[in-house]
Amino acid sequence: MLDPQLLRQNTESVAAQLLHRGYTLDVEQFTSLESRRRELQSDVEALQAKRNTVSREIGAAKSRGEDPQSIMDSVADLGERIKAGQAELTEVQDALHAIQADIPNLAHESVPEGPDEEHNVEVRRWGTPREFDFEPRDHVDVGEALGMMDYEAAAKLSGARFVTMQDGIARLHRALAQFMLDLHVREHGYTETYVPFLVLPEILFGTGQLPKFDDDQFSTRDDPPYYLVPTAEVPLTNLVANSIVEADQLPMLRVAHTPCFRREAGSYGRDTRGMIRQHQFEKVELVHISHPDHSYEELERLTANAETVLQRLELPYRVITLCTGDMGFGAAKTYDIEVWVPSQKQYREISSCSNCEAFQARRMKARFRNPDTGRPEPLHTLNGSGVAVGRALVAILENCQNADGSVTVPEVLRPYMGGDIVISR
RNA sequence: GGAGAGAUGGCCGAGCGGCUGAAGGCGCGCCCCUGCUAAGGGCGUAUACGUUGAUAGCGUAUCGAGGGUUCGAAUCCCUCUCUCUCCGCCA
C-alpha cells in the first residue's frame, strides 16, 4: 500500500509514476470516491457526536430524577440515520481499499526506467564462465545419467513441474540448504527461524500476494483457506505484522529454509524442462526489518550476503538492477542475482533482493517507534533469496560436471557430504 | 473430537448499562527532594482517522472479532476466533 496521504494529496503525480510500472490509476474515480468518503465520514461523525452528547444529557436528567422522554423523542431517528450513513461510508471505504490494495509500489529514484527486462541494468559480474573441453550437458541429462534425478517418476506422482531426486543429488540438494543456512547464521548475523508453510489469507495480503495474485497460489479448501507459502518472505516478514517494534531492535535479520509452492500460472511453455521452474522448490530466504533511514544500506548488505553464497560455491554470476517495468508488485528497488547456466549459455535468476520500503509494512501494520518523534511509524521490509536451492543445484550440476558424467562437489559443501569429493554412478 | 475456564492499555489487574479511553499497581519518561547509595514526592505515559500550520486543541472510533438489544454497552444477548485445563486420538 502506498502512503494514503501521498496518494490523496498528489494523486496526479503518483499516477504518472505508476505509469512507468505499467499501472494505470483511474484518477477520476479515485478522486470522486475520496471526496465522497470525506463528506460521508464527517457527516457520520457529526451525528455520532450528537448522539453522544444527547445520551449524556439523558443520563444526567435521569440522575436528577427528571423525565428524559422529551429529549429522547428529539433524537428518535438518530440511530437510523447513523446506521444508514455508516453503511454508505463502509461501501465507499471498501471501494477505496480495493483500489489501494491493487496499486503497486512506487519505484525508488535510482531505478532505471523501462517497460520490460530489456531495460534492466547490469551492475557487476563475478567469476568467469568455465571453458568446457567437451559439450556440457544440461542438469536434466546430468542427473538422469547419474540415475539420481527422475522427472517421470515425479510426473507419475504429481504431474508436470516436479522432480524426484535420490542418492548423491538428493544429498547435494540437502547439503546446499544446510550450507546456506549456516553461512547466514554464523557469518552474516541472521536469526535462524522455523515458520509455518501454511498461512492465513491476511498474511498473503500483508506481503502483497493477495488479493491480486490469488491465481499464483496454492490453497486448501478450509474456510478460510490456508495458503501454501510461495516463499518464506511471507511468514518471515509477517512476523512483525500488527506490531510496534522498538527502534533498538532494528535491523532484524531473519533467515529460513522452506519449501515454496507456486502455481506458475501463465508460464506455460516456459522452462518446462528440468528444475528451473517447478511447483515446489526449496529456498533459503533472507528478510531484513529495517529503520526507514537505513533500508537502502540494508539492501546492499542483503544482496552482498546472497552473493557470498555463490562466491563460496565458486559459481559465476552477475547482478542486475530491475527496471521500473520488470519489478515485482511490492518492490521499490530490486537486484536480481543471475547465475551462469552453461547449457543455456546465459545467466539465470537465482536470487531476487528487494527493498519494499513501507509498502508491505503499511499493508500489515508493521511499525517501529521513532525515538525522534516518539510516534509509531511504518518500518521498511526487505527480502531476498539466499539463495534458491533448486536453481543452485542446477548451477552446480551444470558448472561442475565432468566429461565422464560425474559431478565435482564444491569444496564448501564437502563437509556436508560426508567428505565426498565427487558424485558419480 | 468431547468437557470446562478465559480473552481489558507495555505488563499485572479492577470495572453496578450512563460523567470509564478505561480505577489501582508495576514498568517506563521528565522533574523535585535526599551531600553517594537506598528510600521518598510531583507530573506524564495507547492507536487510528477527521479537522488544523501543528506530534496543540477539538471530534469520531477502538476493552479478542463480527452482529444484536438500547437514547446510551467494556458492561446484556447471539455467532465466530484464539488461549488455557482435563479426556480421547496422534507424527
Side-chain angles (χ1 to χ4, degrees), chain A residues 1-11 30-31 33-101 194-206 220 222-227 235 238-250 252 259 292-293 358 361-379:
Chain A
M1 237 159 64
L2 301 182
D3 179 0
Q5 303 278 354
L6 179 76
L7 183 58
R8 248 178 258 156
Q9 289 162 12
N10 304 304
T11 313
F30 177 79
T31 314
L33 275 171
E34 182 52 35
S35 66
R36 184 87 187 108
R37 191 220 95 229
R38 191 173 303 218
E39 192 182 331
L40 282 166
Q41 184 168 333
S42 63
D43 287 355
V44 167
E45 287 185 0
L47 290 174
Q48 287 172 322
K50 183 171 185 195
R51 180 184 64 188
N52 290 344
T53 313
V54 173
S55 292
R56 257 189 294 266
E57 282 171 20
I58 292 172
K62 271 190 165 174
S63 69
R64 287 194 303 266
E66 298 167 9
D67 180 8
Q69 192 57 48
S70 60
I71 314 178
M72 286 168 68
D73 290 344
S74 72
V75 291
D77 65 334
L78 205 52
E80 287 309 314
R81 287 167 63 197
I82 290 174
K83 200 172 284 186
Q86 275 173 334
E88 204 177 340
L89 177 60
T90 303
E91 212 173 289
V92 172
Q93 278 174 331
D94 287 350
L96 280 166
H97 287 148
I99 291 173
Q100 291 177 26
Y194 178 84
V195 292
F197 306 154
L198 295 173
V199 297
L200 298 170
E202 64 257 35
I203 298 306
L204 272 294
F205 178 86
T220 70
D222 300 85
D223 184 27
Y226 288 107
Y227 281 83
N238 275 284
L239 250 20
V240 290
N242 295 304
S243 67
I244 301 172
V245 180
E246 291 307 324
D248 61 12
Q249 303 289 302
L250 302 176
M252 289 172 49
D293 292 350
R362 279 190 212 96
R363 292 174 83 98
M364 65 177 71
K365 298 184 174 59
R367 295 167 294 172
F368 79 108
R369 191 169 296 282
N370 188 338
D372 298 336
T373 60
R375 317 281 308 168
E377 295 171 16
L379 40 74

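Naming: A, B, ... by sequence-line order, numbering from 1 per chain.
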> Given that both pair distances must be under 3.5 Å and the pair must be Watson-Crick or G-U, what runs of three or more consecutive pairs involve RNA chain B?
Replying inline: B:1-7 with B:81-87, B:10-12 with B:24-26, B:27-32 with B:40-45, B:46-51 with B:57-62, B:64-68 with B:76-80
> Is any side-chain nitrogen or oxygen of A:Asn52 closer than 4.0 Å to OP1 or OP2 of B:G72?
Replying inline: no
> Is the closest side-chain heavy-atom distance between A:Leu47 and A:Arg81 below 4.5 Å?
Replying inline: yes
> Distance between the C1' atoms of B:C63 and B:A14, in whole angstroms?
Replying inline: 13 Å
>> Among residues at least two apart in sequence or on other chains, which ones pass side-chain contact (heavy atoms from CB on, under 4.5 Å) with A:Leu239?
In response: A:Thr193, A:Leu236, A:Arg254
> Under 4.0 Å between a side-chain N/O of A:Arg375 and OP1 or OP2 of B:A46, yes or no?
Replying inline: no
> Is there any side-chain hydrogen bond (donor to acceptor under 3.5 Å, both in side chains) pair reaching into residues 41-52 of chain A, and which pairs are they, with sequence neighbours excluded?
Replying inline: A:Arg37-A:Gln41, A:Gln41-A:Glu45
>> Between B:C80 and B:G1, how many Å separate the two P atoms, rounded to a whole number?
In response: 13 Å
> Is any side-chain nitrogen or oxygen of A:Arg51 closer than 4.0 Å to OP1 or OP2 of B:A61?
Replying inline: yes
> Taking for each residue the nucleotide of RNA chain B with the nearest heavy atom, is it A:Arg369 or A:Gln5 whose nucleotide lies nearer the 5' end?
Replying inline: A:Arg369
>> I'd like to check the side chain to side chain donor-acceptor pair (under 3.5 Å) partners of A:Thr11; sequence neighbours left out, ordered by chain and number.
In response: none
Quick test: give all pairs of protein nitrogen or oxygen and nucleotides 56-58 of chain B nitrogen or oxygen below 3.5 Å, distance rounded to 0.1 Å.
none

> In whole Å, what is the span from the CD atom of A:Gln9 to the C1' atom of B:G53?
Replying inline: 13 Å
Distances for protein N or O near nucleotides 17-19 of chain B N or O, under 3.5 Å:
{"from": "B:G18", "atom 1": "O6", "to": "A:Lys62", "atom 2": "NZ", "distance (Å)": "2.8"}
{"from": "B:G18", "atom 1": "N2", "to": "A:Ser55", "atom 2": "O", "distance (Å)": "2.7"}

> B:G4 and B:U8: how far apart are their C1' atoms, nearest whole angstrom?
Replying inline: 22 Å
> Within this structure, what is the CZ-to-P distance between A:Arg367 and B:A48, rounded to whole angstrom?
Replying inline: 5 Å
Close N or O pairs between protein and nucleotides 78-84 of chain B (under 3.5 Å):
none

>> Among residues at least two apart in sequence or on other chains, which ones pass side-chain contact (heavy atoms from CB on, under 4.5 Å) with A:Ala87?
In response: none
> Just how far, in rounded Å, is P of B:U62 from NZ of A:Lys365?
Replying inline: 16 Å
> In chain order, what residues pass the side-chain contact (heavy atoms from CB on, under 4.5 Å) check against A:Asp248, with sequence neighbours excluded?
Replying inline: A:Glu246
> Can a salt bridge be assigned to the pair A:Glu88 and A:Arg36 using a cut-off of 4.0 Å between side-chain N and carboxylate O?
Replying inline: yes
>> Taking B:U81 as the reference, what is the distance to B:A74 when you measure between their P atoms (whole Å, please)?
In response: 24 Å
> Under a 4.0 Å heavy-atom cut-off, which of residues 41-50 of chain A touch RNA chain B?
Replying inline: A:Gln41, A:Glu45, A:Gln48, A:Ala49
> Quick one: side-chain contact (heavy atoms from CB on, under 4.5 Å) partners of A:Arg362, sequence neighbours excluded?
Replying inline: A:Met1, A:Asp3, A:Pro4, A:Ala358, A:Pro378
>> Roughly how many Å apart are B:G29 and B:A46, using the C1' atom of each and rounding to a whole number?
In response: 15 Å
Polar-atom pairs under 3.5 Å, protein N or O versus N or O of nucleotides 64-68 of chain B: list them with distances, or write none.
none

> A:Pro376 has a side chain; which of B:G50, B:U60, B:U47 sits nearest to it?
Replying inline: B:U47
